[in-house]
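Structure first, commentary second.
Order of the sequence lines fixes the chain letters, A, B, ..., with proteins taken first and strands second; residue numbering starts at 1 for each chain.
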Amino acid sequence: MTVRVQEADFDTGAEIAQLRLQYPMAGAVVAFVGQVRDLNDGKAVSRLTLEHYPGMTEKSLATIIEQAMQRWPLLDATVIHRVGELPPQAQIVLVAVASAHRGDAFAACEFIMDYLKTEAPFWKREATSEGTVWLDARDSDQLSRKRWQ
Amino acid sequence: MTVRVQEADFDTGAEIAQLRLQYPMAGAVVAFVGQVRDLNDGKAVSRLTLEHYPGMTEKSLATIIEQAMQRWPLLDATVIHRVGELPPQAQIVLVAVASAHRGDAFAACEFIMDYLKTEAPFWKREATSEGTVWLDARDSDQLSRKRWQ
Amino acid sequence: MIQLLYFARLRESLGTRSEQLEWPVPASIAELKRQLAARGGNWHEQFADNPSLCVAVNQQLATETATVQPGDEIAFFPPVTGG
Amino acid sequence: MIQLLYFARLRESLGTRSEQLEWPVPASIAELKRQLAARGGNWHEQFADNPSLCVAVNQQLATETATVQPGDEIAFFPPVTGG
């Protein structure tokens, strides 16, 4: 399991390759890459700032991956989440899951993202032409998570 | 839409980056990478050979992507599939889907893979210690595709 | 004339990759399969009683009832196994 | 003593990031929230009637009924919005 919370950007291709090359039995890697959008609710975004809870963040992500591994026969998973100031089109997060078969990898990758979005202690503050605001949590993210219960 | 059928390997990181950087509205990219496994049904695999139906293959993949785009609000999708002789741990296929929100990208990427596995004219021949055999289609792949109907 | 193509395990079983066939008037895939099965041997085995056999007409998946027109490209193959 | 941490919008509203609080005997998160709300002003607003407020005890998500022991690290924050 790899969990990293960092300001620096990450190399998505290298992370996916490292994951699959460690596991000759891995037939499938499913990866999610989140990107800072240039528009949110119709407003131009100039910068996104990510605050987090050091210590708890890493534990929370590790717990989410462990839950996924208990639920599906996975080989391994990598979660990298950036913090600090990010411009539009920066990468925010990578979740990559390796498994023998694709169905398990798809389900687990989406599960990890749905739990990350609702349980991992990150908060986004968005700077737009109208000023700087903390983003509100979305009901749709709670609904996505509840599907797994 | 990008569809490529080729003998050469591909750069997963570069393909994902190219996809998301074209779309500032893309909040999510979901990617599937298929890898040649070193074991299949307990036998060591020394080589996988992929035959295809030139012309129909590309049309079939384009049609599958179009169906996904009619079904979910996607920004774009890339499918690259290799043919010819591949050693264990070679990349076989990349499906990458960009959309504003992650749920659509997850569903569409899995949909494309499930249809690719059952409709795109590729055939695998596997060389193991016990000789060379054409692989049989799996019932589980048909079941995966039927979920979308 | 129609163009016939065979792929993968089927191509190996029949020992041929492609052929041209006289096809003066439109008829169904089922009729084409009957003609090919009538060649006997492996042809009979592959076309007479092979429910998993797949067919494409002009590079689109088709069924037994599809019509084969003169000039068409018809491909037969086993279930696909890519990805 | 317990360690209190505040994050994001809550941190800005309260004007503080962390503090130490006397906490001689175990009591619930609900009791801790009552004490913090009793400070009045923004504290009352954030802790008395704020159903979306989240809490973690020793870096694990918790509920109102969780017990706060002396020495614990308690964090309050708005719903998370990462990913």
Discussion item. Heavy atom to heavy atom, less than 4.5 Å: which residues from residues 57-66 of chain B reach chain A?
Written reply: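 So far as heavy atoms go, nothing in residues 57-66 of chain B approaches chain A to under 4.5 Å.
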
Worksheet entry | Exercise: do A:Thr118 and A:Gln142 side chains pair donor with acceptor under 3.5 Å |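 A:Thr118 vs A:Gln142: no donor-acceptor pair found between side chains.
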
Practice prompt. Classify the side-chain pair B:Asp9/B:Gln91 by whether it contains a donor and acceptor separated by less than 3.5 Å.
Written response: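 Side chains of B:Asp9 and B:Gln91: pair found under 3.5 Å.
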
Worksheet item: Just checking, B:Arg145 and B:Tyr115: is the charged tip under 6.0 Å from the six-membered ring centre and within 45° of the axis?
Response: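 Yes.
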
Discussion item. Please classify the contact between A:Val36 and chain B as side chain, backbone, both or neither, with a heavy-atom cut-off of under 4.5 Å.
Written reply: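 The backbone, not the side chain.
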
Fill in: Toward chain B, the part of A:Ala100 with a non-hydrogen atom under 4.5 Å
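Contact with chain B is through both the backbone and side chain of A:Ala100.
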
In terms of heavy-atom pairs under 4.5 Å with chain A, which of [options] leads?
{"options": "B:Val93, B:Val97, B:Val45, B:Asp141", "answer": "B:Asp141"}
{"options": "B:Val33, B:Asp11, B:Val30", "answer": "B:Val33"}
{"options": "B:Lys117, B:Arg102, B:Met25, B:Met113", "answer": "B:Arg102"}

Worksheet item: Counting only N and O atoms by type, is there a donor-acceptor contact under 3.5 Å from the side chain of B:Arg20 to the main-chain atoms of A:Gln35?
Response: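 Flag not set: sc B:Arg20 to bb A:Gln35 has no pair under 3.5 Å.
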
Discussion item. Donor-acceptor check, side chain of B:Arg47 to backbone of B:Glu126, threshold 3.5 angstrom: yes or no?
Written reply: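 No; judged by distance alone, with no hydrogens or angles, the pair does not exist.
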
Discussion item. What I want to find out is whether A:Asp38 reaches A:Lys43 closely enough, with some N-O distance under 4.0 Å, to be called a salt bridge.
Written reply: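 Answer for the salt bridge query: no.
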
Worksheet item: Would A:Glu15 and A:Arg4 pass as an ion pair if we require N to O under 4.0 Å?
Response: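 Between A:Arg4 and A:Glu15 there is a salt bridge, with a charged N closer than 4.0 Å to a carboxylate O.
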
Practice prompt. On the 0 to 90° scale, with breaks at 30° and 60°, tag the A:His52-A:Phe122 ring pair as parallel, tilted or perpendicular.
Written response: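 A:His52 vs A:Phe122 ring planes: parallel.
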
Discussion item. For A:Phe32 and B:Phe106, take the angle between the two ring planes, folded into 0 to 90°, and tell me which bin it lands in: parallel under 30, tilted 30 to 60, perpendicular over 60.
Written reply: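 Judged by the thresholds at 30° and 60°, the geometry between A:Phe32 and B:Phe106 is parallel.
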
Most heavy-atom pairs under 4.5 angstrom with chain B, which of [options]?
{"options": "A:Pro88, A:Gly103, A:Ala26", "result": "A:Ala26"}
{"options": "A:Ala28, A:Ala31, A:Ala14", "result": "A:Ala31"}
{"options": "A:Thr12, A:Leu21, A:Ile16", "result": "A:Leu21"}
{"options": "A:Ala98, A:Ala105, A:Ala96, A:Cys109", "result": "A:Cys109"}

Fill in: Residue from A:Arg138, A:Arg147, A:Lys146 passing salt bridge (charged side-chain N to carboxylate O under 4.0 Å, His left out) with A:Asp114
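Going through A:Arg138, A:Arg147, A:Lys146 one by one, the salt bridge (charged side-chain N to carboxylate O under 4.0 Å, His left out) with A:Asp114 is satisfied by A:Arg147 alone.
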
